Amino acid sequence: MMDWHEVLFFFEVLVGGLLAGLMYSLVAIGFVLIYKTSGVLNFAQGAMLLFAALTFVSLVNYGAPFLLAFVATFAIMIGLGFAIERTVLRPLVNRPPITLFMATLGLAYVIEGAAQLLWGTQVHRLDLGISDKPMEIAGLLISSFDLVAAAVAFGLVAALGAFFTRTRIGLAFRAVADDQFAALAVGLRLPRIWATVWAAAGFVALVAGLLWGARLGVQFSLSIIVLKALPVLLLGGFDSILGAVVGGLIIGASEKLAEVYLGPYVGGGIESWFAYVVALLFLLVRPSGLFGQKIVERV
Amino acid sequence: MTKLPEALLSVRNVSAAYGGAVAALHGVDLDLRRGEILALLGSNGAGKTTLLKAVSNLLPAERGALTGGEIRFEGRDVAESSPADLVRAGLVQVLEGRHCFRSLTVEENLLTGALGRSSSRAEAKADLEKVYDLFPWLAQKRRTAAGLTSGGEQQMTAIGRGLMSRPRLFVLDEPSMGLAPLVVREIFEALKRINAAEGLSLLVAEQNSAIALKYAHRAVVVENGRSVLTGSAAELAARDDIKSFYLGGADLPASSPQAKEVAA
């Protein structure tokens, strides 16, 4: 018989894990957008996140108000998206996926280098004005920052969902995601669609970058949270936004629970790699992920 | 530059290759007059699909390119226009193998045709009704994912999607492929109806020469990447040698060179 405190503690860990997982989802969604529409696994998503956070915090440090800095950074991310389409994607169109992946790997370092050149290498503190004090909800202590982050994540998912299903450009995105050659033949302007998708991924990177930057400080190690997003993608499927959310929740929860309940038996510190164990075990059962696209086909 | 006013599409001595090395066309000529149905006949691998992709400037997307000659649609050099611009100019193609967007519903598939042409919402709605009039069955399936519909329904969806772009030259690659004869007839009847009612010009590549010659006004036969014969459909249909010579002689397997090789 577990006593009441233990049960409460379990739920506290669980909820904390779920909320932390949504922070991973935010990063993973950026990957999904680009992968879905162009089949490119964009390794530079982390660098874009860093770039966005760094640009934002630098603008704020120069005295720009929050809203202006946000809009200006978004504009810069759109510019970046279009520039990447022009200089990297267009010349490599029709190349094998591995070529494009390598290109984004290179791109990640170029963006990081550019960020360093532009804004320097200092760690910046980013204060979004959201307190990180724990609040008591139904007897559980939950960080209010995590709650805000979760709300932002859900807002973003809802907005993207509406965008994909309710707008014409969303329909074009889904068409391109389904069959690129047919989309070309139908007369959709693929370069424009890709540039838009990269700009959208830039927006997601900005939102994720602000939240992660506020949590960890805006520093260059931010770019390696791509490594936290990968298990989420393996679990949820690379082409599903819903999968990114559910994958994030599962990874976040299992990471925290493992750390607390399994950690003591193996000497602790398993939080950083346990996500990969979960993802790998999962791959054995469902190679396309929980929500990855099953080929819709009738023979 | 002289061009006949009624030639909607002119293909002059076109050659094409994939990857800069594999030649697929070695000199194709054809003229398509406004308002006609022109059949492009030839056996498997003769170059029909390559030619049609060249017409819509889709070869670069498959690492292919024109290596000679020129293709003009209403006087415009298609190699200089993006596929998207050609669709907006009225040159619309239904690809071989249909290429429906599988996870989109039938209706969403049709609407992408309106996107391709940047139709207004009102235009898209009116065009949607026209497509449902032409293929009433699609209206029943409008909410079904295209990938879950039958081959015939997918072909109708692909054709409807093309019509949503309001073509002036409608190019179809093997619309009969893998379909039951009854469905093939329904599709050709529908195409013939639009041709007769609206004067829509059609370029149809077909391996099934019997059905193509039945509905077309004229036909061009391609063999080994060359256009070898042009004539009225009635004239070509009357000649028995055409089928056995150029179209693989499907009726008499023993007399075809491939069959002999296999038997030997």
Side-chain angles (χ1 to χ4, degrees), chain A residues 32 35-39 85-86 89-96 99-100 161 163-196 237-243 288 291-299, chain B residues 19 52-53 56-58 60-64 82-105 107-121 124 144-151 153-154 158 161-162 164-167 171 173:
Chain A
V32 170
Y35 187 82
K36 209 173 153 60
T37 42
S38 56
E85 190 279 320
R86 203 61 207 235
L89 300 180
R90 205 177 293 184
L92 290 179
V93 81
N94 290 322
R95 298 288 159 198
T99 310
L100 283 156
F163 177 69
F164 271 111
T165 53
R166 302 252 180 272
T167 68
R168 300 184 124 205
I169 187 151
L171 178 63
F173 278 9
R174 285 187 293 140
V176 173
D178 236 28
D179 188 334
Q180 238 179 65
F181 191 66
L184 185 71
V186 162
L188 302 182
R189 298 185 193 276
L190 300 192
R192 203 177 286 178
I193 290 172
W194 285 326
T196 315
F238 281 84
D239 51 10
S240 162
I241 288 177
L242 181 66
S288 59
F291 296 89
Q293 189 148 35
K294 292 175 281 295
I295 311 296
V296 180
E297 191 149 24
R298 183 164 125 177
V299 184
Chain B
L52 294 194
K53 281 180 180 162
S56 286
N57 198 15
L58 291 168
E62 305 220 304
R63 285 183 238 181
S82 73
D85 288 337
L86 290 173
V87 169
R88 281 163 182 81
L91 202 176
V92 179
Q93 177 157 180
V94 178
L95 296 170
E96 182 182 31
R98 321 188 250 274
H99 278 275
C100 288
F101 301 115
R102 298 181 152 273
S103 66
L104 272 57
T105 65
E107 184 152 306
E108 286 174 334
N109 264 277
L110 297 176
L111 286 171
T112 58
L115 290 183
R117 170 184 174 270
S118 312
S119 298
S120 72
R121 270 167 212 281
T144 309
L148 296 175
T149 61
S150 72
E153 288 156 2
Q154 288 186 26
R161 182 175 69 184
M164 294 286 292
S165 301
R166 298 198 179 174
V171 179
D173 196 352

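Because the structure is predicted, anything quoted here is derived from the model rather than measured.
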task: Take atom OH of A:Y35 as the centre, draw a 6.0 Å sphere, and report whether it contains more than 12 heavy atoms from other residues, nucleotides or ligands.
output: no
field: A:R86 atom CZ: more than 12 heavy-atom contacts under 6.0 Å
entry: no
Side chain / backbone / both / neither for [X] at chain A, heavy atoms under 4.5 Å:
X      : answer
B:L58  : both
B:T112 : both
B:R88  : side chain
B:A124 : side chain

- request: Test side chain to side chain contact (heavy atoms under 4.5 Å, CB included) on A:R189 and B:D85 and set out the steps.
  value: CA-CA 9 Å; A:R189 298 185 193 276; B:D85 288 337; 3.1 Å; yes
- request: Please list, in residue-number order, every residue in residues 163-173 of chain A that has a heavy atom less than 4.5 Å from any heavy atom of chain B; write 'none' if there are none.
  value: A:R168, A:L171, A:A172
Looking only at heavy atoms, which two atoms of [X] and [Y] are closest? And how far apart?
X      : Y      : value
A:D179 : B:C100 : OD2-O, 4.3 Å
B:A61  : A:F181 : CB-CE1, 4.0 Å
B:S165 : A:V186 : OG-O, 4.2 Å
A:G187 : B:A84  : O-CB, 3.3 Å
A:A182 : B:F101 : CB-CE2, 3.8 Å

- request: Take B:L115 and A:L188 through the side chain to side chain contact (heavy atoms under 4.5 Å, CB included) test and state the conclusion after the steps.
  value: CA-CA 7 Å; B:L115 290 183; A:L188 302 182; 3.8 Å; yes
field: Reported CZ-to-CZ distance for the pair A:R95 and B:R63, which is rounded to 0.5 angstrom
entry: 5.5 Å
statement: Taken to the nearest 0.5 Å, the spacing of B:Q93 CD from A:L184 CG works out to 10.5 Å
message: According to side-chain hydrogen bond (donor to acceptor under 3.5 Å, both in side chains), who are the partners of B:R166, at least two apart in sequence or on a separate chain?
response: B:D127
